[in-house]
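These notes are about the structure you will find just below.
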Amino acid sequence: MDFVEAAIAAASERRSKRKTPFKDEDRPLVVLSYAQSLDGCIGAKDNTQPLRLSGPESMRLTHCIRARCDAVLVGSGTVKNDDPRLSVRLDNHPPSVQPRPVVLDSRLSAVSSTSNVVTLNNRLIVFCQYLDSDPEFTTLQSKRAVLESHKVSVVNLASRHDLPDNLDPASSSDVSSIPIPLMLRVLKSKFGVNSLMVEGGSRIISAFLGLGSLCVDCLIVTVAPMFVGSGGVKAFDSGGEGADEGKKGQSVALSVVDPVYRQFGSDIDSGSKKLARGPAMALCKISKPNYNRSQIPATAVNNLHNMDSFTQWCLVCERKLNHDAVYCSIECLKTDFVSSGTFILPPSSPVSASSCAASSTSRAPPSPTNCPPSPTPSHGSFSDMSSSWSSSYSSSSSSNGSPDRSQMSRHEATQAILNPPFSLEFKSRRPRRI
Ligand SMILES: NC(=O)C1=CN([C@@H]2O[C@H](COP(=O)(O)OP(=O)(O)OC[C@H]3O[C@@H](n4cnc5c(N)ncnc54)[C@H](O)[C@@H]3O)[C@@H](O)[C@H]2O)C=CC1
Ligand SMILES: Nc1nc(O)c(N)c(N[C@@H]2O[C@H](COP(=O)(O)O)[C@@H](O)[C@H]2O)n1
C-alpha cells in the first residue's frame with residue numbers, strides 16, 4: 001500500500017540523516033501504529049475484550065504495515081486481553097511469510113503455550129526481566145522452559161547469558177518495565193530484526209511515545225469515527241497501574257510535525273513525517289525545583305544508562321555549540337534529564353569534544369575539567385541522583401561571563417539550570433501542532 005511504503009520510506013530516510021547521540025543503526029526502524037476512537041481510546045471499557053475500531057480498509061492498512069515489518073510487538077496486557085495472532089492476513093500475501101511476534105512480558109505472566117502467538121508458530125520472541133536473586137526465580141525459570149519447549153525464544157534482559165557480548169544486562173530494580181532501547185538493540189543484533197511494528201497496548205504506546213524519536217521513527221494512527229466513552233482504555237498515558245505509573249498526570253510535549261492524513265473507508269489515518277518532542281517542555285520538566293525522578297519514564301532511565309549515552313551526548317553538543325547558540329536536541333535533553341539535569345551548556349562552553357570522545361572509546365571516567373561524570377543510576381529522588389555526582393568541582397566562569405558548567409559545584413550547576421544566566425535558543429523549532 002502506497003501510504004505505508006511512503007511513510008516508512010520517509011521515516012527510514014530521515015533516520016539515516018538524523019544526528020542523534022545514539023546509534024540508530026543499532027536498533028530496528030520502529031513504526032508505532034494503532035487505532036483509536038475520537039475520544040482517544042484504543043480499548044473497551046474495563047479492558048476485558050478486544051474492541052474493533054478499524055473498518056475493513058484501515059484494518060487492511062494495519063496488515064500492510066505488519067507485512068512490511070520483520071516483527072510486530074505488543075505488551076503483556078494486550079496478550080491477556082486480546083490473545084492476538086499478530087499475523088498478516090491479506091488476500092495477496094503468502095500465509096507462510098509472517099513477521100515475528102514479539103511480546104514484552106516482564107514476569108512471563110501473559111504468554112502461555114495456548115496463546116495464539118505461540119500456537120501459530122511464527123517464532124515468537126518474549127522479553128522478560130528477572131534476576132537470579134528474584135524470589136520467583138524458580139517459577140519464572142519453569143515458565144521459561146515451558147515456552148522454550150514450544151519454540152518460543154525467551155530473552156531475559158537481566159541475564160548476561162541471554163545478551164550479545166556487547167550489551168550490558170538491564171540492572172533496574174523495576175522489573176515490570178522492559179528497558180525499551182536495550183530490547184530494541186537485542187532484537188536487531190540477536191534476531192536480525194530491521195523493522196519493527198509496535199501495536200500497543202496503552203502502556204506500551206505510552207512508553208514508546210515517552211521515548212520520542214529516540215525509539216519511534218514513524219507513527220501511523222487510525223482514528224475511527226466513534227466514541228468509547230468513560231472507562232475506555234486511553235491510547236496514551238491511561239494512568240493505569242504498571243510500568244508507566246510514574247507518568248500519571250504528566251503533561252507531554254510531543255508533536256507530530258508534517259503529518260499526512262488519508263481517509264480509509266470511514267476512518268482517517270495519520271502518518272507522521274516527523275515525531276518531535278518539544279525541547280522547551282523537556283527543559284521545563286527538568287527545571288522544576290521539586291522534580292521527582294519517579295516522574296521520568298523508567299524505561300528512559302534504565303536504557304540511557306545501558307547505552308552509555310553520556311559520552312555521545314558531548315559529541316552532539318559540541319557540534320551545536322559551533323552555532324554560537326545553545327541548542328540541544330531532545331536526545332540531548334533527555335540524556336541531560338536522566339544524567340542529572342545540569343548539562344545545558346552556555347554558548348562557547350569550553351567542554352572539549354575530543355576529550356569526551358577519548359573517554360568514550362576507553363570507557364574511562366571522564367576528567368572533571370572536560371566532561372561531567374557518567375551517571376550512576378539511582379532510584380531515589382532527583383536530588384538523590386544529583387548527589388551521586390562528584391563534589392570536587394570548583395566554581396568559576398568562562399571568558400564570556402557565562403558560567404563554565406564543567407567547573408561548577410553540584411549546587412551551582414543545578415542553580416544554573418533552574419535559573420539559566422543565558423537565553424536558550426532552540427533552532428528549527430516549529431509551532432507545536434495538536
Ligand atoms: N486499538 C489498537 O490499535 C490496540 C488496542 N490495544 C488494546 O490495549 C489494551 C491493553 O493495553 P494495556 O493494558 O496498557 O497493556 P499493554 O499491552 O500495553 O501491556 C502493558 C504491560 O506490558 C508490560 N511491559 C513490559 N515492559 C514495559 C514497558 N517498557 N512499558 C510498558 N509496559 C511494559 C507491563 O507488564 C505492562 O503492564 C487492550 O484493551 C487492547 O485491546 C492493544 C493494541 C492495539
Ligand atoms: N489496527 C487495529 N484496529 C483495531 O480496531 C484493533 N482492535 C486493533 N487491535 C490490534 O490488533 C490485535 C489483534 O490482532 P489479530 O487480528 O488477532 O492478528 C490486537 O491485539 C491489537 O494489537 N488494531
Side-chain angles (χ1 to χ4, degrees), residues 32-37 40-67 72-90 98-99 101-111 115-117 120 122 126-129 157 170 172 174-184 197-211 215 220-224 226 228 231-247 264-265 267 269 297-303:
L32 176 59
S33 182
Y34 55 89
Q36 68 166 51
S37 61
C41 294
I42 61 166
K45 290 176 186 165
D46 305 327
N47 202 5
T48 49
Q49 54 187 357
L51 176 66
R52 175 50 68 94
L53 288 153
S54 303
E57 295 87 352
S58 53
M59 206 61 225
R60 187 164 179 275
L61 171 79
T62 297
H63 282 262
C64 286
I65 304 168
R66 287 182 182 177
V72 180
L73 180 149
V74 294
S76 56
T78 299
V79 171
K80 283 180 192 162
N81 194 62
D82 300 358
D83 191 15
R85 288 162 283 181
L86 304 182
S87 56
V88 180
R89 298 174 314 268
L90 290 170
Q98 295 292 344
V102 179
V103 179
L104 303 191
D105 189 8
S106 323
R107 309 297 292 170
L108 299 177
S109 61
V111 180
S115 303
N116 280 326
V117 277
L120 282 173
N122 286 331
V126 172
F127 284 96
C128 58
Q129 192 181 355
L157 287 176
S172 168
D174 179 7
V175 287
S176 68
S177 181
I178 294 289
I180 288 172
L182 175 62
M183 180 275 300
L184 291 175
M197 176 185 185
V198 176
E199 287 205 6
S202 168
R203 285 171 221 182
I204 295 295
I205 292 168
S206 299
F208 272 86
L209 286 179
L211 291 164
C215 290
I220 301 178
V221 180
T222 296
V223 180
M226 56 185 84
V228 172
V233 179
K234 291 282 181 198
F236 189 78
D237 259 354
S238 62
E241 293 173 4
D244 64 344
E245 200 169 19
K247 294 173 68 190
F264 289 87
D267 302 330
D269 282 85
T299 44
V301 178
N302 300 339
N303 293 300

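If you're wondering where the values come from, they're calculated on a predicted model, not measured in any experiment. As the structure lists them, so they are numbered: ligands from 1, and atoms in each ligand from 1.
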Nearest heavy atom to atom 3 (O) of ligand 1: which of Cys128, Gly200, Ala35 does it belong to? Ala35
Quick one: does Val74 get within less than 4.0 Å of ligand 1, heavy atoms only? no
Using a heavy-atom cut-off of under 4.0 Å, does the side chain or the backbone of Thr78 touch ligand 1, or both, or neither? both
Given Val228, Ile42, Val223, Leu51, the one that forms side chain to side chain contact (heavy atoms under 4.5 Å, CB included) with Ser37: Val228
What atoms of ligand 2 come closer than 4.0 angstrom to any heavy atom of Ser54? 1 (N), 2 (C), 3 (N), 4 (C), 5 (O)
Near Arg85 (heavy-atom distance under 4.0 Å), the atoms of ligand 2 are 15 (P), 16 (O), 17 (O), 18 (O)
Could you tell me whether Asn81 and ligand 1 have an N or O pair separated by under 3.5 Å? yes
Mind checking whether Thr78 has an N or O less than 3.5 Å away from an N or O of ligand 2? no
Arg89 to ligand 2: N or O pair under 3.5 Å? yes
Counting only heavy atoms closer than 4.0 Å, does ligand 2 sit against the backbone of Leu51, its side chain, both, or neither? backbone
Indicate, as side chain, backbone, both or neither, the part of Arg66 found under 4.0 angstrom from ligand 2 when only non-hydrogen atoms are considered. side chain
Check: Ser202 N/O within less than 3.5 Å of ligand 1 N/O: yes
Is ligand 2 less than 4.0 angstrom away from at least one heavy atom of Leu86? yes
Proximal atoms of ligand 2 relative to Asp82 (non-hydrogen, under 4.0 Å): 19 (C), 20 (O), 21 (C)
Indicate, as side chain, backbone, both or neither, the part of Glu199 found under 4.0 angstrom from ligand 2 when only non-hydrogen atoms are considered. side chain
Select one of side chain, backbone, both or neither to describe which atoms of Leu51 lie under 4.0 Å from any atom of ligand 1, heavy atoms only. neither
Indicate, as side chain, backbone, both or neither, the part of Val79 found under 4.0 angstrom from ligand 1 when only non-hydrogen atoms are considered. neither
Close N or O approach (Tyr34, ligand 2; < 3.5 Å): no
Atom CD1 of Ile180 and atom CD1 of Ile204: how far apart are they, to the nearest 0.5 Å? 6.0 Å
I'd like to check atom 18 (O) of ligand 2 in this structure: does the protein have a heavy atom lying under 4.0 Å from it? yes
Proximal atoms of ligand 2 relative to Arg52 (non-hydrogen, under 4.0 Å): 5 (O)
Quick check: closest heavy atoms across Ala110 and Asp105, and the distance to 0.1 Å? N-OD2, 2.9 Å
Heavy-atom distances under 4.0 Å decide this one: backbone, side chain, both or neither, for Ser176 against ligand 1? backbone
Those residues that, when tested against Arg85, pass salt bridge (charged side-chain N to carboxylate O under 4.0 Å, His left out) (two or more places apart): none
Within-cut-off N or O pair, Pro84 and ligand 2, under 3.5 Å: no
Check this for me - ligand 2, Met59, N or O atoms closer than 3.5 angstrom, yes or no? no
Check Ser76 against ligand 1 and report side chain, backbone, both or neither, counting heavy atoms closer than 4.0 Å. both
Tell me the contacting part of Ala207 for ligand 1: side chain, backbone, both, or neither, using a 4.0 Å heavy-atom threshold, strictly below. side chain
Give the contacting part of Leu53 toward ligand 2: side chain, backbone, both or neither, where contact means a heavy-atom distance below 4.0 Å. both
Ala35 heavy atoms, cut-off 4.0 Å: which ligand 2 atoms fall inside? 1 (N), 2 (C), 3 (N), 4 (C)
